[in-house]
Amino acid sequence: MKLKSHINQIIKDAFSKAGIDTEPMSVTEATKAEFGDYQFNGAMALAKKLGKNPRQIAEDIVAHLDLTGVVTKAEIAGPGFINLWINPLWIAEQCQHALGDERLGVNKRETPIKVVVDYSGPNMAKQMHVGHLRSTIIGDTLANLLEFLGDEVIRQNHIGDWGTQFGMLIAYLEEMGEDGSVSLKDLEQFYKDAKGRFDADEDFANKARAYVVKIQSGDTHCLELWQKFIDISLGHCEEVYKKLGVKLTREDVKAESFYNEDLVKVVEDLKRQGTLQESDGAQCVFLEGEEIPVIVQKADGGYLYATTDLAALRYRANVLGAKRISYVVDARQGEHFKQVFRVAKETGFVPEDVKLEHIAFGTMMDKGGKPFKTRDGGTVKLIDLLDEAVVKAKNTIKDQEGYSEEEVEELAKIIGIGAVKYADLSINRESNYIFNWDKMLSFEGNTSLYMQYAYARIQSIFRRFEGEIKGNIIIGDALEHRLSVMLLRFEDILDRAAIDAAPNQITTYLYELVTLFMRFYEQNPILKEGVDEQTKMSRLALADLTAKTIKQGLDILGIEVVDKL
RNA sequence: GCACUCGUAGCUCAGCUGGAUAGAGCACUCGCCUUCUAAGCGAGCGGUCUCAGGUUCGAAUCCUGACGGGUGUACCA
């Protein structure tokens, strides 16, 4: 239900009937309940243009407003605000429709596009650490969201599987022989050991350097070892993805090495276009107004990540056919993407109509506002963090007697992982974010547990009810009215969140929705005695739609719900 | 130095396509369980939206500048 568009259309109709030859600005949600459901603030802005006073304009608009359908009441307030009330009968009807629809009334895009979402991008030489968390879950959410809205989403996991350190790792893997896969279990340690050998033993170091050259020249034996290493390493990542409930699979992997053969062509094409300049021996693209050039080939002939990114952009736009390419990457790489995107567009590597965006996010901080580290200053492994979340979640479960051990375990997973993800997604992605166990595992405030609790409460009602909902939704009071309108706003929220790539708009919405529902739950009894049948059915339907909306919203965020909490 | 980014209640954060008296949660004070999960709900307390200009009928929101924090600044990714 594109609620806002409906209201906007009514305003637009009033404009043309009133002979106002301007595109009206969009209505906005009313800032207060007493101001109705939506408000139109455009009368004031027109005052100068039309040479009339804003209240007169407002009156003119209201006089031509169709109050027989979606909107039933309009009031002019203050300097020329137009407050609008939506018809409760219409709201009820729309909620009813949403309830009967598996998409909850959310339309699929009329003109879906292909979107590449590039996220996670772990380095194969090391284990995934907290630095990968935000990209992985924000990216997955964005992909889920666009998919739900009907776009054709192509997930891309641009893993780092190429580079000098792999020579060292492969040399070490070969040295370990069959035991390699065993010691690889702890990649972090494996890396350290390999580095230790590299630093201590000159022969080993030379072998490692030779391997780099061999891999790059396509030596079969080396490539086999390399492939083995990547497989095992990727297996580690998949373990993390599984725990996190992230949908990335091997199908989505397009590693750095995938673009290797294209790198020469990228440089050649740039050269042919005359956009390349040599500087200190390196091949560079100098952009107007930019101090630092984009280097695509080092003085020693090697390629850089800008080169790979250009190759990837070209592939995604031209081979995959993406019209929107979203990079969910740390904000610190803002400059890099700004430049690479410019080069891609200015050289025509990527067509003009393709939207390139860097979905930047801030750094994860500890309670003290410092970058998140272990006690001894090391990086926190993602798998450890997630395991800890599950342990902590287990401790928050109050009534453990009510469950079997397996159930507690399962519940703890859902709660713990959900808490970590929700905490991250609920904050404006561009700002740094303070990681706080106590806060994220709290039932109070804007947390996943609060949402899951609300969902479980509703399911509890249905466990007791055990019937079938018959009859229609009837908006009985102001609270039910607000709750219903909130439910109908779901699509508007998702649309906006998709445009801005802002998961926190979804969490803010869910929080508002759940808060309203909790009030409704307290004030409007459903199964208690003395509630007449019609009211009971209507309230059950509202509760049901609320639960389904919470579930769908959390599902987009990659968070599960439970029937009992 | 230059560029980017952030600065909203004691703390953590919403709000930023300009709109009415700036909103939540935590903390603190108080009230509500013989009836649908009180892990809840309600009420109170708490603000020169960093500062100074500007644009505007109207600015937390847009522009300029200052101050403060963070980040980045050519052959790592």
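Note that this is a predicted model, so its numbers are computed, not measured. So that the names make sense, note that chain A is the first sequence line, chain B the second, and so on, each numbered from 1. Side chains are part of it too, since the values below use all heavy atoms of this structure and drop only hydrogens, waters and symmetry mates.
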- Item | Syn/anti state for B:C30 [syn: chi within 90° of 0] | anti

- Looking only at heavy atoms, the pair that brings A:E560 and A:Q452 closest together is O-NE2, 2.8 Å

- Give one of base, sugar-phosphate or nothing for A:N41, where a contact means two heavy atoms less than 4.0 Å apart. base

- Query: Could you give all pairs that pass the side chain to side chain donor-acceptor pair (under 3.5 Å) test and reach residues 502-522 of chain A, with sequence neighbours left out?
  - Reply: A:D500-A:Q505

- Sugar-phosphate only, base, or nothing, as touched by A:N83 at under 4.0 Å among non-hydrogen atoms: base

- Please tell me which of the listed nucleotides, B:U37, B:G40, B:C36, lies nearest to the side chain of A:A456? B:U37

Could you list the protein-to-nucleotides 54-60 of chain B atom pairs, N/O on both sides, closer than 3.5 Å?
{"residue": "B:C57", "atom": "OP1", "partner": "A:K48", "partner atom": "NZ", "Å": "2.1"}

- Message: Within the 4.0 Å heavy-atom criterion, would you say A:L565 contacts the bases, only the backbone, or no part of the nucleic acid?
- Response: base

- Main-chain N/O of A:L3 paired to A:H6 side chain as donor or acceptor, under 3.5 Å: no

- Using the six-membered ring of A:Y403, assess whether NZ or CZ of A:K564 lies under 6.0 Å from its centre and within 45 degrees of the ring axis. yes

- Message: What contact category does A:K52 fall into here, base, sugar-phosphate, or nothing, at under 4.0 angstrom with non-hydrogen atoms?
- Response: nothing

- Identify whether any heavy atom of A:A47 sits under 4.0 Å from a base atom; if not, whether one sits that close to sugar-phosphate; answer base, sugar-phosphate or nothing. nothing

- Query: Which nucleotide sits closest to the side chain of A:K32: B:A24, B:G23, B:G1?
  - Reply: B:G23

- Would you indicate what A:I434 reaches in the nucleic acid, counting non-hydrogen atoms under 4.0 angstrom: base, sugar-phosphate, or nothing? sugar-phosphate

- Query: Is there a donor-acceptor pair under 3.5 Å between the side chain of A:R332 and the backbone N or O of A:T363?
  - Reply: no

- Task: Please measure how far the P atom in B:C6 lies from the corresponding atom in B:G10, and state the result in whole Å.
- Result: 22 Å

- Does a side-chain N or O from A:R519 land closer than 4.0 Å to OP1 or OP2 of B:G42, or not? yes

- Message: What's the gap between B:U8 and B:C62 when it is taken at their P atoms, as a whole Å value?
- Response: 15 Å

- Message: Taking the basic N atoms (NZ, or NE/NH1/NH2) and the acidic carboxylate oxygens, is any pair closer than 4.0 Å for A:K2 and A:D495?
- Response: yes

- Task: May I ask you to check whether A:Y303 and A:Y259 place their ring centers less than 6.0 Å from one another?
- Result: no

- Task: Starting from the 5' end of RNA chain B, give me the residue, A:E430 or A:T396, whose nearest nucleotide shows up first.
- Result: A:E430

- So A:F337 and A:H358, would you call those rings parallel, tilted or perpendicular, with 30° and 60° as cut-offs? tilted

- Item | Donor-acceptor contact present, side-chain A:R539 to main-chain A:I474, <3.5 Å | no

- Task: Taking A:N8 for its side chain and A:V27 for its backbone only, find out whether a donor-acceptor pair lies under 3.5 Å.
- Result: yes

- Atom CD of A:Q452 and atom P of B:G40: how far apart are they, to the nearest Å? 14 Å

- Message: Exactly one of A:Y305, A:F341, A:Y119 should register a ring-ring contact (aromatic ring centres under 6.0 Å, His included) with A:Y327. Which one does?
- Response: A:F341

- Query: Is there a donor and acceptor pair, one atom on the side chain of A:D309 and one on the base of B:A77, closer than 3.5 Å?
  - Reply: no

- Message: For the P atoms, the ones on B:A14 and on B:G31, what distance do you get once it is rounded to whole angstrom?
- Response: 34 Å

- Task: Mind checking A:S279 for me? I need base, sugar-phosphate or nothing, with any heavy atom below 4.0 Å counting as a touch.
- Result: base

- Counting any heavy atom closer than 4.0 Å, what does A:Q39 reach on the DNA or RNA strands: base, sugar-phosphate only, or nothing? base

- Message: Just the rounded figure in Å: distance from P of B:U71 to CZ of A:R332.
- Response: 8 Å

- Task: Find the distance A:K370:NZ to B:U71:P and express it as a whole number of Å.
- Result: 11 Å

- Query: To the side chain of A:L304, which of B:U73, B:C76, B:C36 is closest?
  - Reply: B:C76

- Query: Counting only N and O atoms by type, is there a donor-acceptor contact under 3.5 Å from the side chain of A:T307 to the main-chain atoms of A:V296?
  - Reply: yes

- Query: With a non-hydrogen cut-off below 4.0 angstrom, is A:F465 in contact with a base, only sugar-phosphate, or nothing?
  - Reply: nothing

- Message: What's the gap between B:G70 and B:C26 when it is taken at their P atoms, as a whole Å value?
- Response: 31 Å

- Remember a base hit wins even if backbone is also touched, and classify A:A77 as base, sugar-phosphate or nothing at under 4.0 Å, heavy atoms. base

- Spacing between A:M451 atom CE and B:A24 atom C1', to the nearest angstrom: 11 Å

- Query: Which whole number of Å gives the distance between the P atom of B:G7 and that of B:U50?
  - Reply: 8 Å

- Message: What is the distance, to the nearest angstrom, from the NZ atom on A:K439 to the P atom on B:A27?
- Response: 12 Å

- For B:U37, does either OP1 or OP2 sit under 4.0 Å from a side-chain N or O belonging to A:R464? yes

- Is A:I461 touching bases, backbone alone, or none of the nucleic acid, heavy atoms closer than 4.0 Å? sugar-phosphate

- Message: Expressed as a whole number of angstroms, how long is the span from A:Y521:OH to B:G42:P?
- Response: 14 Å

- Item | C1'-based separation of B:C49 from B:G15 [nearest Å] | 11 Å

- For A:K564, report the nucleic acid contact type (base, sugar-phosphate, nothing); a contact means any heavy atom under 4.0 Å. base

- A:Y453 ring over B:A39 six-membered base ring, under 5.5 Å and 30°: no

- Message: Please give the distance between the C1' atoms of B:G53 and B:U73 as a whole number of Å.
- Response: 31 Å

- Salt-bridge criterion met for A:R496 and A:D492 (N-O under 4.0 Å): no

- Message: So if I take every side-chain heavy atom of A:Y450 and compare against B:A74, B:C41, B:A77, which nucleotide ends up nearest?
- Response: B:C41

- Task: Would you indicate which nucleotide in B:C13, B:A3, B:G19 comes nearest to any side-chain atom of A:E335?
- Result: B:A3

I'd like a table of atom pairs between the protein and nucleotides 14-16 of chain B - only N or O on both sides, under 3.5 Å - with the distance next to each one.
{"residue": "B:A14", "atom": "OP1", "partner": "A:N428", "partner atom": "N", "Å": "2.6"}

- What integer distance in Å separates A:Y422:OH from B:C13:C1'? 12 Å

- Message: Mind checking if A:N524 touches a base, just sugar-phosphate, or nothing, with heavy atoms under 4.0 Å?
- Response: base

- Mapping A:H336 and A:T363 to their closest nucleotides on RNA chain B, which lands nearer the 5' end? A:T363

- Task: For A:E466, check salt bridge (charged side-chain N to carboxylate O under 4.0 Å, His left out) against everything at least two apart and list the hits.
- Result: none

- Message: Using a heavy-atom cut-off of 4.0 Å across all strands, would you classify A:Q333 as base, sugar-phosphate, or nothing?
- Response: base

- Query: Can you check the A:Y38 OH to B:G19 C1' distance for me, whole Å?
  - Reply: 17 Å

- Anything below 3.5 Å on both distances counts as a pair; with that, list the stems of at least three consecutive Watson-Crick or G-U pairs involving RNA chain B. B:1-7 with B:67-73, B:10-13 with B:23-26, B:28-32 with B:40-44, B:50-54 with B:62-66

- Message: Show me the pairs that pass side chain to side chain donor-acceptor pair (under 3.5 Å) and involve residues 428-450 of chain A, at least two apart or across chains.
- Response: A:Y422-A:N446

- Query: So, for A:N123 and A:G160, which heavy atoms are closest and what is the spacing to 0.1 Å?
  - Reply: OD1-O, 3.5 Å

